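Naming convention: chains lettered A, B, ... in sequence-line order (proteins, then strands); numbering from 1 in each chain. All values derive from a computational prediction rather than experimental measurement.
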Amino acid sequence: MSQFVKKDDDRDEEAEYSPFLGIEKGAVLQEARVFNDPQLDSRKCSQVITKLLYLLNQGETFTKVEATEVFFSVTKLFQSKDIGLRRMVYLIIKELSPSSDEVIIVTSSLMKDMNSKTDVYRANAIRVLCRITDGTLLTQIERYLKQAIVDKNPVVASAALVSGIHLLQTNPEIVKRWSNEVQEAVQSRAALVQFHALALLHQIRQNDRLAVSKLVTSLTRGTVRSPLAQCLLIRYTSQVIRESSMNNQSGDRPFYDYLEGCLRHKAEMVIFEAARAITELNGVTSRELTPAITVLQLFLSSSKPVLRFAAVRTLNKVAMTHPMAVTNCNIDMESLISDQNRSIATLAITTLLKTGNESGVDRLMKQITNFMSDIADEFKIVVVDAIRSLCLKFPLKYRSLMNFLSNILREEGGFEYKKSIVDSIVILIRDIPDAKESGLLHLCEFIEDCEFTYLSTQILHFLGVEGPKTSDPSKYIRYIYNRVILENATVRASAVSTLAKFGAVVDSLKPRVFVLLRRCLYDNDDEVRDRATLYLNTLGGDGSVVETDKDVKNFLFGSLETPLVNLETSLKNYEPTEEPFDISSVPKEVKSQPLTEKKSAGKKPTALGAPPAAPTSTVDAYEKLLSSIPEFSTFGQLFKSSPPVELTEAETEYAVNVVKHIFDKHVVFQYNCTNTIPEQLLEN
Amino acid sequence: MESCPSVKNILLLDSEGNRVAVKYYSDDWQTNSAKEAFEKSVFTKTQKTNARAEAEIAMFENNVVVYKFAQDLHFFVTGGDDENELILSTVLQGFFDAVGLLLRGNVDKKEALENLDLILLCLDEIVDGGIILETDANLIAGKVATHSIDSGAPLSEQTISQALATAREHLTRSLLNV
């Protein structure tokens with residue numbers, strides 16, 4: 001291993017020292033020529049193989065030609081009797097994954113090894129053969145494998161059994177013929193042989209419910225020789241319990257006693273496996289749960305993080321369905337809030353949030369406030385989601401929960417985190433009427449200093465929906481109008497829409513809103529000006545306190561019934577014919593894309609994800625405007641709209657700018673004259 | 001569907017997150033870049049924790065990772081998120097202790113690289129295609145050491161030149177350690 005023996009005394013360079021420093025694939029492949037020497041130097045060959053394995057391990061790839069060459073030279077090494085070298089040969093054959101025609105070369109050597117007197121050769125040759133074999137070869141070696149399964153050397157037996165488990169995927173009919181031998185191996189005195197045999201036997205018999213049940217029955221009464229086998233048995237027992245008919249009336253579940261007995265096993269993995277299995281029983285009762293939870297509670301105070309983690313994770317799941325059963329653990333949970341391992345701490349908190357009772361909410365919020373500053377965003381989001389469910393569970397506690405949420409909203413945090421907080425506040429507002437006023441105010445304060453445009457616009461939209469319904473909508477106007485002055489164009493446009501909504505719904509506010517909207521006509525951004533124009537003209541032009549026409553309200557703020565995606569597709573597919581484009585022909589159902597959902601994450605309600613009521617982009621606005629005018633409906637898809645071009649000077653009485661809309665075969669000039677309705681001119 | 005406990009990967013990284021020896025047993029990471037991305041994220045997230053006295057544990061995407069550090073080596077064992085964490089921890093401990101035995105107590109990167117063949121054989125004896133073969137460190141090390149070149153096989157099994165080579169090697173090593 002020490003080709004590069006360092007003679008320096010310099011300790012600093014030791015840090016960079018590596019026997020593979022400067023290693024290069026081409027050079028090593030050259031070195032591999034030593035495999036072809038008639039007088040094999042096994043040390044050297046082993047070293048070269050190690051280098052090859054190192055290269056492969058580091059992600060180096062061999063071309064097909066290189067791999068084949070190496071494989072062929074490696075096969076020559078079977079001539080050597082050196083045990084160490086043979087083991088390295090086995091390793092590299094497995095890494096090179098030779099194709100079936102290449103495999104033939106080594107088959108006979110491997111088969112010889114499989115029957116060798118040296119046990120170490122037998123076990124490993126079996127594993128290599130089974131890794132590279134195909135169906136035909138397998139039938140040839142089948143009887144050796146069957147013998148190996150019941151070999152008195154446990155290493156050989158395990159090798160054959162594990163290979164059988166893998167081969168069951170590709171050649172099930174062949175492996176199933178080994179049932180008898182596998183059955184015998186299950187009775188083996190060697191610990192892991194039983195484990196492997198049990199795994200294989202179960203897989204062979206898995207579709208036969210009765211067979212599995214018999215297997216479980218006999219083993220639960222027999223001797224199980226290793227913790228791993230015991231864990232397997234617990235899993236199979238759970239399967240049998242699940243599949244047996246549920247008659248809870250007739251006393252205990254079958255095999256429950258066995259599971260409960262496992263809770264007293266010496267090995268922690270068995271205790272845990274049994275506890276977990278009990279918690280996952282279908283329709284488990286509190287009485288059945290108690291011994292399992294007691295044991296998990298003990299793990300909570302273990303010095304080993306793995307145990308604490310496993311226990312708290314399981315209890316967290318139990319708390320979702322049986323919170324009362326977990327309350328005894330609350331004290332231990334609370335001490336876990338300060339656990340060094342942040343995953344454990346987060347799980348503890350979210351469990352407490354599920355099991356906590358109403359009186360403990362305030363205290364819990366205090367503890368969590370200290371905790372939140374210590375953990376990363378991803379954990380914070382988990383906690384916020386748990387708090388959201390707590391809000392709905394204890395609506396009377398909304399004040400302290402709302403305070404907590406608004407406090408953390410003020411602190412540092414990333415977009416996803418803030419979004420989840422805002423979503424929680426919105427849900428509180430929607431579902432708990434008493435919380436509405438304070439909630440809306442908190443959101444208003446938040447947008448004064450919010451760095452995320454998306455959140456600001458969503459909140460403004462939400463304000464537009466909920467604000468007008470409150471007892472005193474006017475207090476929100478200031479917050480909204482400030483956004484028109486202070487923020488970027490997207491937020492300003494959104495604020496304009498919100499203002500208009502207030503004006504539309506709350507008639508008493510209309511005059512004030514009009515004043516503010518008029519100021520928006522001088523904004524830098526065209527979307528803002530266009531929206532202001534639109535609203536001023538359609539809401540009831542003279543700014544007096546009149547009720548806004550219902551149709552107008554619908555036009556401006558009603559949601560577009562046809563989904564935008566479908567509208568876009570239909571417009572694209574529309575051929576210019578005599579028939580005008582009919583918006584009602586657009587299908588209303590959206591073909592949803594299949595989403596990959598994580599198993600653990602449930603559906604999170606996105607409170608602000610409602611279909612957008614007002615078009616959020618300039619193109620959409622134009623498209624809507626134009627498609628509503630019958631003469632243009634034959635034009636097909638809007639290709640592009642130019643930015644407005646000023647045609648008059650700034651100081652004239654009325655300002656005219658023109659927007660060029662380009663369709664496939666037509667050009668539409670839209671002259672925007674302020675204080676008058678737009679005029680259109682058709683040109684070919 | 002009750003399944004056999006299975007391991008998705010075993011990683012041995014250095015104190016900068018580079019690979020010393022890794023073995024993947026799952027299709028979750030098809031390409032080498034996917035594997036490297038996983039190793040990087042696991043390494044970065046666990047870097048600041050103290051996993052020297054006791055094994056630590058964390059969740060990554062849909063996987064559970066148990067890990068332990070020794071000197072400048074970081075050991076990781078990964079399983080699915082519904083796997084029994086204690087089983088994974090036993091595999092980790094077996095690997096960790098076996099490496100300790102094979103490297104004769106000098107568990108650091110230099111020693112590991114110089115004995116990479118032992119480490120790779122060790123990995124081979126612990127898990128086969130995701131299925132646990134052995135968890136007892138003594139048994140694992142025993143299965144590896146019988147093939148090791150340096151295990152001091154009786155001279156009669158080596159040719160004279162090989163014996164001389166072995167002796168020369170031991171001499172050079174002892175000179176270096178002065």
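- Interface remark: Lys48(B) contributes no atoms to any contact with chain A (heavy atom separation under 4.5 Å).
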>> Ile87(B) vs Cys231(A), test: side-chain contact (heavy atoms from CB on, under 4.5 Å). Steps then yes/no.
In response: CA-CA 9 Å; Ile87(B) 292 183; Cys231(A) 287; 4.1 Å; yes
> Do Leu192(A) and Leu133(B) pass the side-chain contact (heavy atoms from CB on, under 4.5 Å) test, and can you show the C-alpha distance, the side-chain angles, and the key distance before you say yes or no?
Replying inline: CA-CA 8 Å; Leu192(A) 287 183; Leu133(B) 274 180; over 6 Å; no
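- One finds the CD atom of Glu60(A) at 10.0 Å from the CG atom of Asn32(B) (value rounded to the nearest 0.5 Å).
- Listed here is the closest heavy atom pair of Ile57(B) and Pro305(A): CG2-O, 3.9 Å.
- Listed for the His166(A) side chain is a donor-acceptor partner under 3.5 Å among the backbone atoms of Asp128(B).
- Ranked by heavy-atom pairs under 4.5 Å with chain A, the list Asp136(B), Leu120(B), Leu139(B) is led by Leu120(B).
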> Can you check side-chain contact (heavy atoms from CB on, under 4.5 Å) on Thr90(B) and Met269(A), steps first, answer last?
Replying inline: CA-CA 8 Å; Thr90(B) 311; Met269(A) 67 161 82; 3.2 Å; yes
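- Contacts of Val155(A) with chain B are made by side-chain atoms alone, with heavy-atom separations under 4.5 Å and no backbone atom involved.
- Using modelled atom types, no side-chain atom of Glu273(A) and backbone atom of Asn84(B) make a donor-acceptor pair closer than 3.5 Å.
- Ion pairing between Glu83(B) and Arg313(A) fails under the 4.0 Å rule for side-chain N and carboxylate O.
- Put simply, the side chain of Cys4(B) does not reach to within 4.5 Å of the side chain of Arg235(A), judged on heavy atoms.
- Interface residue Leu228(A): only side-chain heavy atoms are found under 4.5 Å from chain B.
- Side-chain atoms of Asn341(A) and Glu56(B) include a donor-acceptor pair closer than 3.5 Å.
- When heavy atoms are compared at a cutoff of 4.5 Å, Glu95(A) approaches chain B solely by way of its side chain, counted from C-beta outward.
- Chain B forms more heavy-atom pairs under 4.5 Å with one residue of Gln58(A), Arg127(A), Met88(A) than with any other, namely Arg127(A).
- Contact check for Leu307(A) versus Ser89(B): no side-chain heavy atoms found under the 4.5 Å cut-off.
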> Would Ile131(B) and Ile165(A) count as a side-chain contact (heavy atoms from CB on, under 4.5 Å) if you check the C-alpha gap in whole Å, the side-chain angles of each, and the deciding distance to 0.1 Å?
Replying inline: CA-CA 9 Å; Ile131(B) 298 181; Ile165(A) 298 176; 3.4 Å; yes
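- Proximity to chain B (any heavy atom under 4.5 Å) is restricted, for Ala199(A), to the side chain, taken from C-beta onward.
- Within the model, atoms OG1 of Thr50(A) and CG of Leu116(B) stand 6.5 Å from one another, a figure rounded to the nearest 0.5 Å.
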>> As a quick check of understanding, evaluate salt bridge (charged side-chain N to carboxylate O under 4.0 Å, His left out) for Arg87(A) and Glu125(B), giving each step before the final call.
In response: CA-CA 11 Å; Arg87(A) 274 294 263 133; Glu125(B) 292 293 352; 2.4 Å; yes
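- For Val20(B) against Asn57(A), the heavy-atom pair with the smallest separation is O-OD1, 4.1 Å.
- Side-chain atoms of His196(A) come within 3.5 Å of backbone N or O of Ile132(B) as a donor-acceptor pair.
- Looking at Arg131(A), only its side chain comes within 4.5 Å of chain B, counting heavy atoms on both sides.
- In this structure, the portion of Phe195(A) lying under 4.5 Å from any heavy atom of chain B is its side chain and not its backbone.
- A salt bridge links Lys94(A) with Asp124(B): the closest approach of a Lys/Arg side-chain nitrogen to an acidic carboxylate oxygen falls below 4.0 angstrom.
- For the set Lys304(A), Arg86(A), Arg342(A), the count of heavy-atom pairs under 4.5 angstrom toward chain B peaks at Lys304(A).
- Interface summary for chain A: among Glu54(B), Lys35(B), Glu134(B), the most heavy-atom pairs under 4.5 angstrom belong to Glu54(B).
- Looking at Ser163(A), there are no atoms closer than 4.5 Å to chain B (heavy atoms on both sides), in backbone or side chain.
- Contact of the Val306(A) side chain with the Leu86(B) side chain is registered, since non-hydrogen atoms from C-beta on lie closer than 4.5 Å.
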